[in-house]
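Since the structure comes first, as structure tokens, the remarks are kept for the end.
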Amino acid sequence: MLWTLVIPLKPLTRAKSRLSDTAGDGLRPGLALAFAQDTVAAALACPAVGDVAVVTDDALAGRELTALGARIVPDEPRGGLNAALTHGVTAVRAARPASPVAALNADLPALRPLELSRVLDAAAEFPRAFLADAAAIGTTLLAASSAQELLPAFGPDSRARHRASGAVELAPGDVDSVRQDVDTGDDLRAALALGVGPYTAAVSAGLLIPGT
């Protein structure tokens, strides 16, 4: 069973505002793109993944992620993260109706393909399932079988909201790279400690990040 991943990505100029303590306004768009590039590259290398669709209206991100092999779905609703995911799932299911789908964050620069495969294999046991982030507050992955609606509830306290929606919380071992999203400087330090992909490594090399 091969999964279709749906990855939402806001315009790069508006992305990662909480990294202001680590990267200035001129650097954050490049970091956000690098995070997405490493996430998409790792996702496409995952043996459990058959297709990756990125929901975005950012022209530069669209070009760069298409070059990696992702399919771009324009963010026509422009109504925020959950609306973008619902729209993306509708688009990919029109092309691959029998494929299970999973929403994946675009800011997982340390993502390992085999760890992602472990999470998706665990998710395949349930109609809907999710993986909490490293902070145990948010969500980095929400999965649904082909017969189920995704029903995304990302945003503040999404772990609690996804659990309340009936999705099963997954707890596989050794999947730190799938949990480690990056919103703050501390998150970036944690991702760098895990080992980030080449795009993030290249951009981060020019940053002075205390503790790394």
Side-chain angles (χ1 to χ4, degrees), residues 2-17 19 23 26-96 99-117 119-120 133 139-143 150 152 154 177-178 180-183 187-188 191 195-206:
L2 293 179
W3 290 79
T4 298
L5 301 188
V6 180
I7 300 177
L9 180 62
K10 67 173 62 174
L12 298 175
T13 56
R14 303 205 321 262
K16 298 298 151 196
S17 60
L19 276 172
L27 295 176
R28 286 199 304 275
L31 269 177
L33 176 58
F35 296 164
Q37 288 172 302
D38 284 325
T39 300
V40 167
L44 286 166
C46 175
V49 173
D51 189 23
V52 173
V54 178
V55 184
T56 188
D57 276 337
D58 192 284
L60 173 60
R63 290 194 300 272
E64 296 296 328
L65 299 175
T66 296
L68 291 176
R71 178 154 56 105
I72 303 303
V73 177
D75 184 9
E76 294 175 358
R78 297 179 182 175
L81 179 58
N82 293 311
L85 283 170
T86 299
H87 172 67
V89 169
T90 299
V92 301
R93 281 185 162 165
R96 299 178 64 130
S99 174
V101 296
L104 183 70
N105 288 9
D107 57 353
L108 300 169
L111 186 64
R112 304 284 192 272
L114 292 181
E115 292 185 16
L116 176 59
S117 184
V119 173
L120 292 171
D133 64 8
T139 303
T140 58
L141 180 143
L142 174 68
L150 187 65
F154 287 86
S177 76
V178 195
Q180 189 57 66
D181 54 353
V182 176
D183 289 317
D187 295 335
L188 181 54
V196 296
Y199 297 98
T200 302
V203 176
S204 298

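Along the sequence shown, residues carry numbers from 1. As a basis for the values below, the full set of heavy atoms in this structure was taken, side chains included, without hydrogen atoms, waters or symmetry mates.
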### Message
When you measure from the side chain of His87 to the backbone of Pro74, do you find a donor-acceptor pair of N or O atoms at a distance under 3.5 Å?
### Response
yes
### Task
Keeping the roles fixed (side chain from Asp133, backbone from Thr140), state whether a donor-acceptor pair exists under 3.5 Å.
no
### Shortest non-hydrogen separation from Pro113 to Cys46 and the atoms involved
O-SG, 3.4 Å
### Query
Do Thr56 and Pro8 have side-chain heavy atoms sitting under 4.5 Å apart?
no
### Task
Look at the side chain of Thr200 and the backbone N and O of Val196, then say whether any donor-acceptor pair between them is shorter than 3.5 Å.
no
### Task
Taking the side chain as every heavy atom from C-beta outward, state whether Tyr199 and Val203 have any atom pair closer than 4.5 Å.
no
### Query
So how far is it from Leu188 CG to Ser204 OG, rounded to the nearest 0.5 Å?
5.0 Å
### Val182 backbone acceptor or donor facing Lys16 side chain under 3.5 Å
yes
### Distance-minimising heavy-atom pair for Leu9 and Ala106
CD1-CB, 4.1 Å
### Query
Does a side-chain heavy-atom distance below 4.5 Å link Thr39 with Ile7?
yes
### Non-hydrogen atoms of Ala103 and Leu150 that approach each other most closely
CB-CD2, 3.9 Å
### Query
Should Leu141 and Asn105 be marked as a side chain to side chain contact (heavy atoms under 4.5 Å, CB included) after you check the CA-CA gap, both sets of side-chain angles, and the distance that decides it?
CA-CA 7 Å; Leu141 180 143; Asn105 288 9; over 6 Å; no
### Task
Check whether any side-chain heavy atom of Phe154 sits under 4.5 Å from a side-chain heavy atom of Leu85, and report yes or no.
yes
#### Entry: Minimum-distance pair of heavy atoms, taken over all atoms of Leu12 and Ala32
CD2-CB, 4.0 Å
### Message
Please check this pair: side chain of Glu115 against backbone of Ser177, looking for a donor-acceptor N/O pair closer than 3.5 Å.
### Response
yes
### Task
Any chance you could measure Arg28, atom CZ, to Leu19, atom CG, to the nearest 0.5 Å?
7.5 Å
### Message
Nearest 0.5 Å, please: how far is CG in Leu81 from NZ in Lys10?
### Response
8.0 Å
### Query
About how many Å separate OG of Ser117 and CZ of Arg112, when rounded to the nearest 0.5 Å?
15.0 Å
### Task
Could you tell me the separation between the CG atom of Leu65 and the CG atom of Leu33, rounded to the nearest 0.5 Å?
6.5 Å
### Interatomic distance, Asp107 atom CG to Asp181 atom CG [nearest 0.5 angstrom]
5.0 Å
